[in-house]
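Chain A is the first sequence line, chain B the second, and so forth, proteins listed ahead of strands; every chain is numbered from 1.
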Amino acid sequence: MRYVVVPGAAGGGSLQPVDDRGTSAGPMEEVDSLAAAVAVRERAEHPRWVWPATDEVYPDLLAAGVVVGRCVDLALTEGILLGYDGRWGEARSLGAAWARLAGLPVPADPPPRSRPAAQQALFETAPESLPGGAAPLDAAVAVHADQLRRVAGEPLGDRLGLLVAAESACALVAAEMTRAGVPWRADVHDALLTDHLGPRPAAGLPPRRLAELADHVAAAFGGVRVNPDSPAEVVQAFARAGVPVSSARSFVLRRVDHPAVAPLLQYKELARLHAAHGWAWLDTWVRDGRFRPDWVVGGVVSGRWASRGGGALQIPQAVRRAVVADPGRLLVVADAAQLEPRVLAALAGDERLAAAAAASDLYSALAADSFGGDRARAKVALLGTLYGATGGDAAPVLAVLRRRFPTAVGYVEAAARDGEAGRLVRSRLGRTCPPPSARWREAQERAALSAAGEADQARARQAARDRGRFTRNFVVQASAADWAAVLLAALRRRLLAGGAPGAELVFFQHDEVAVHCPEQTAPAAAALLSEAAEEASRLVFGPTPVRFPLGIAAVACYADAK
DNA sequence: ACAGACCGCGCC
DNA sequence: AAAGGGCGCGGTCTGT
């Protein structure tokens with residue numbers, strides 16, 4: 001059983017039961033309290049909830065203490081299906097999907113909220129008004145039925161169905177993670193900052209340690225003040241000192257022999273800590289012992305999540321010291337080891353690479369097979385293949401890989417050729433890359449004309465190669481995102497079923513998840529994680545010798561997980 | 001004063 | 001000749 005549900009004014013809404021083909025299966029109902037109505041039916045029937053957008057509906061339900069098992073997020077599904085049809089970037093809201101179905105002018109999607117949901121007042125959004133004055137519930141029913149037909153009609157239907165189900169489950173996970181928050185010890189964070197930067201300065205002033213380092217830089221340049229935050233000034237200062245540098249990047253400066261380099265590198269490192277994760281960050285993002293970013297499911301074209309606010313996906317190692325489980329609880333942190341190479345092995349069906357990927361350390365196995373035991377070279381070769389490195393130091397090892405693993409290398413090279421030719425490529429479950437831009441196509445067409453100049457041709461070749469690198473990586477990165485999405489869905493279902501009482505998902509970063517749970521349920525949570533990874537591997541890739549092992553650690557502090 | 005481009009660097 | 005994928009964010013720089 002499914003219920004299509006749309007929110008109305010003041011916490012109310014309307015519901016329509018439908019069958020598995022999306023056809024009406026009972027009378028529509030209007031309710032004063034959507035949360036109460038959902039709670040009752042969830043307990044009694046455990047239906048699949050079909051709603052316009054999880055991030056608009058579910059936070060209010062969670063605030064009312066209502067957790068649901070399953071949903072269909074119409075907007076996320078619409079986005080996947082549009083992308084599959086090569087219509088990437090078209091509006092995906094209920095109103096837009098309805099308008100396309102009804103042949104009406106399609107409204108643009110509203111801009112993303114500038115502030116994370118966690119900082120917004122509840123119930124501040126008015127009910128959506130739809131093109132043609134349609135009732136939102138009727139529109140949602142129609143769009144849902146249409147989406148079910150579109151999925152079923154595709155040759156990749158089963159996998160695409162798995163993808164949209166997993167994506168919707170991820171939307172639930174994201175809302176729940178925002179509500180739970182990442183356990184964060186502001187006192188530990190503050191001590192860490194003081195330790196590195198000196199005591200907290202008055203607003204607008206640099207911390208003591210940064211001021212000292214800036215003095216050292218000036219002294220090393222013969223007393224001339226240089227703003228270390230300005231790449232242009234830094235490059236000029238080195239030029240004046242007779243050691244020209246091509247840029248102010250730290251890996252460039254590291255190779256330079258000059259007394260300003262050491263304090264400058266230290267300055268850059270600490271200035272970044274201060275600017276990105278300093279006291280201002282702490283004031284803005286941590287409340288009541290929790291960091292609450294907004295998670296954006298499918299925010300990256302490859303299907304990876306993005307985040308809004310607080311840089312949740314870029315928490316530096318040093319700052320992870322402040323991520324500490326509550327007393328009596330632990331963080332069970334799991335990361336998929338060498339996920340993307342394993343995904344390539346499974347995707348391509350390369351038996352020889354799959355044999356290496358059956359080992360717990362893929363790179364060592366690869367090194368033993370083809371690189372005389374040199375693990376570092378094996379790693380460079382494989383990553384170069386995934387990212388599209390073709391020359392320089394990587395060339396010889398890439399040649400080895402191509403000779404020994406023609407099926408795997410052929411898979412990504414075919415994806416690269418598709419990209420260079422302007423075609424679409426898809427992930428294992430059908431997530432599809434964006435088509436090339438109009439500008440890109442024009443550049444290719446211009447270069448193909450007989451009158452095209454050398455510069456036009458070079459530009460077009462460059463653009464084609466760039467897109468080839470993108471699509472080459474897309475098939476692997478997006479398939480890895482497929483796997484991770486299915487893992488999250490499988491994990492969430494197990495947690496909800498009570499497999500690890502008191503455990504909740506609090507963090508997800510591409511190939512890594514953290515569960516916050518009572519100490520005594522940590523072993524159970526770890527077991528659920530392993531089961532979820534096995535389920536994801538089976539559902540996404542079917543029978544394959546490739547293993548997708550999780551490294552799992554139960555720790556009090558996130559920084560100790562690795 | 002503000003917007004947007006670019007740089008540099010954190011994460012995967 | 002060389003040729004490295006995806007993000008978010010805060011800083012400077014440049015143009016209006």
Side-chain angles (χ1 to χ4, degrees), chain A residues 112 116 206 210 226-236 245-254 264-265 267-278 280-281 284-285 293-296 298-320 335-341 343-344 379-395 398 412 415-416 419-420 425 427 431 433-434 458 461-481 483-484 507-513 558 562:
Chain A
L210 286 183
V226 172
N227 178 1
D229 289 322
S230 166
E233 281 192 39
V234 169
V235 170
Q236 282 164 23
V245 292
S246 56
S247 81
R249 295 177 193 176
S250 37
F251 81 89
V252 171
L253 299 185
R254 232 181 292 278
L264 201 46
L265 290 176
Y267 179 96
K268 285 161 90 76
E269 193 180 328
L270 292 177
R272 180 166 177 88
L273 174 66
H274 180 240
H277 290 93
W281 184 94
T284 308
W285 294 109
D294 229 17
W295 305 95
V296 185
V300 180
V301 294
S302 65
R304 280 183 170 184
W305 290 20
S307 70
R308 199 161 35 215
L313 299 177
Q314 300 116 258
I315 303 168
Q317 280 299 327
V319 176
R320 295 182 184 192
D335 83 299
Q338 305 154 344
L339 179 58
E340 293 194 350
V343 164
L344 173 59
K379 186 173 175 179
V380 165
L382 202 35
L383 293 178
T385 299
L386 295 179
Y387 291 148
T390 50
D393 302 341
L398 288 169
V412 287
E420 289 172 12
V425 297
S427 74
R431 180 140 6 223
C433 77
R461 272 197 307 274
Q462 179 66 46
R465 273 196 302 272
D466 287 349
R467 186 158 194 279
R469 272 195 306 281
F470 167 62
T471 52
R472 165 198 292 267
N473 183 255
F474 181 94
V475 293
V476 176
Q477 187 183 114
S479 298
W483 181 87
F507 188 71
F508 169 60
Q509 186 179 37
H510 312 315
D511 60 2
E512 178 176 351
V513 300
Y558 188 29
K562 283 197 174 157

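A distance of 11.5 Å separates OG1 in A:Thr385 from CG in A:Asn473, rounded to the nearest 0.5 Å. We find the CD-CH2 distance between A:Gln509 and A:Trp295 to be 7.5 Å, quoted to the nearest 0.5 Å. Here the OG atom belonging to A:Ser302 is positioned 8.5 Å from the NE2 atom belonging to A:His510, to the nearest 0.5 angstrom.
The interatomic distance linking A:Arg469 (CZ) with C:dA3 (C1') rounds to 6 Å, in whole Å. Rounded to whole Å, the distance from CG on A:Leu339 to C1' on C:dG6 is 14 Å. Distance A:His510 NE2 to C:dG5 P: 16 Å, rounded to the nearest Å. Look at CZ on A:Arg249: it is 12 Å from P on C:dG4, rounded to the nearest Å. At whole-Å resolution of the value, CD in A:Glu340 and C1' in C:dG5 are 8 Å apart. A:Arg461 places its CZ atom 13 Å from the C1' atom of C:dA2, with the value rounded to the nearest Å. C:dG8 atom P lies 13 Å from atom CG of A:Asp294, rounded to whole Å.
For A:Lys268, the NZ atom is densely surrounded, since the number of other residues' heavy atoms within 6.0 Å is greater than 12.
Just one of A:Val476, A:Leu382, A:Leu383 meets the side chain to side chain contact (heavy atoms under 4.5 Å, CB included) condition when paired with A:Glu340; it is A:Val476.
The C1' atoms of B:dG10 and C:dA3 are separated by 25 Å, rounded to the nearest whole Å.
Contact annotation for A:Gln317: backbone-only contact, meaning every heavy-atom pair under 4.0 Å involves sugar-phosphate atoms and none involves a base. A:Gln477 comes within contact range of at least one nucleobase, with a heavy-atom separation under 4.0 Å. Contact annotation for A:Arg320: backbone-only contact, meaning every heavy-atom pair under 4.0 Å involves sugar-phosphate atoms and none involves a base. Contact annotation for A:Leu386: no contact, since no heavy-atom pair falls under 4.0 Å across all strands.
Not one N or O on the side chain of A:Arg308 forms a donor-acceptor pair closer than 3.5 Å with the backbone of A:Val296. A donor-acceptor pair is defined here as one N or O able to donate and one able to accept, closer than 3.5 Å; such a pair exists between the side chain of A:Thr471 and the backbone of A:Ala415.
A:Val300 approaches A:Trp305 most closely through the heavy-atom pair CG2-O, 3.7 Å.
The outermost nucleotides of DNA chain B lying under 4.0 Å from heavy atoms of chain A, listed 5' to 3', are B:dC7 to B:dC12.
Candidate nucleotides C:dA3, C:dG5, C:dC7 were compared by shortest atom distance to the side chain of A:Tyr387, and C:dG5 ranks first.
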Base versus backbone protein contacts along nucleotides 9-16 of chain C [heavy-atom cut-off under 4.0 Å; B, S, -]: SSSSS---
Residues A:Arg467, A:Glu420; criterion side chain to side chain contact (heavy atoms under 4.5 Å, CB included); working and verdict: CA-CA 6 Å; A:Arg467 186 158 194 279; A:Glu420 289 172 12; 6.0 Å; no
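Residue A:Arg304 places no side-chain N or O under 4.0 Å from the OP1 or OP2 atom of C:dG6.
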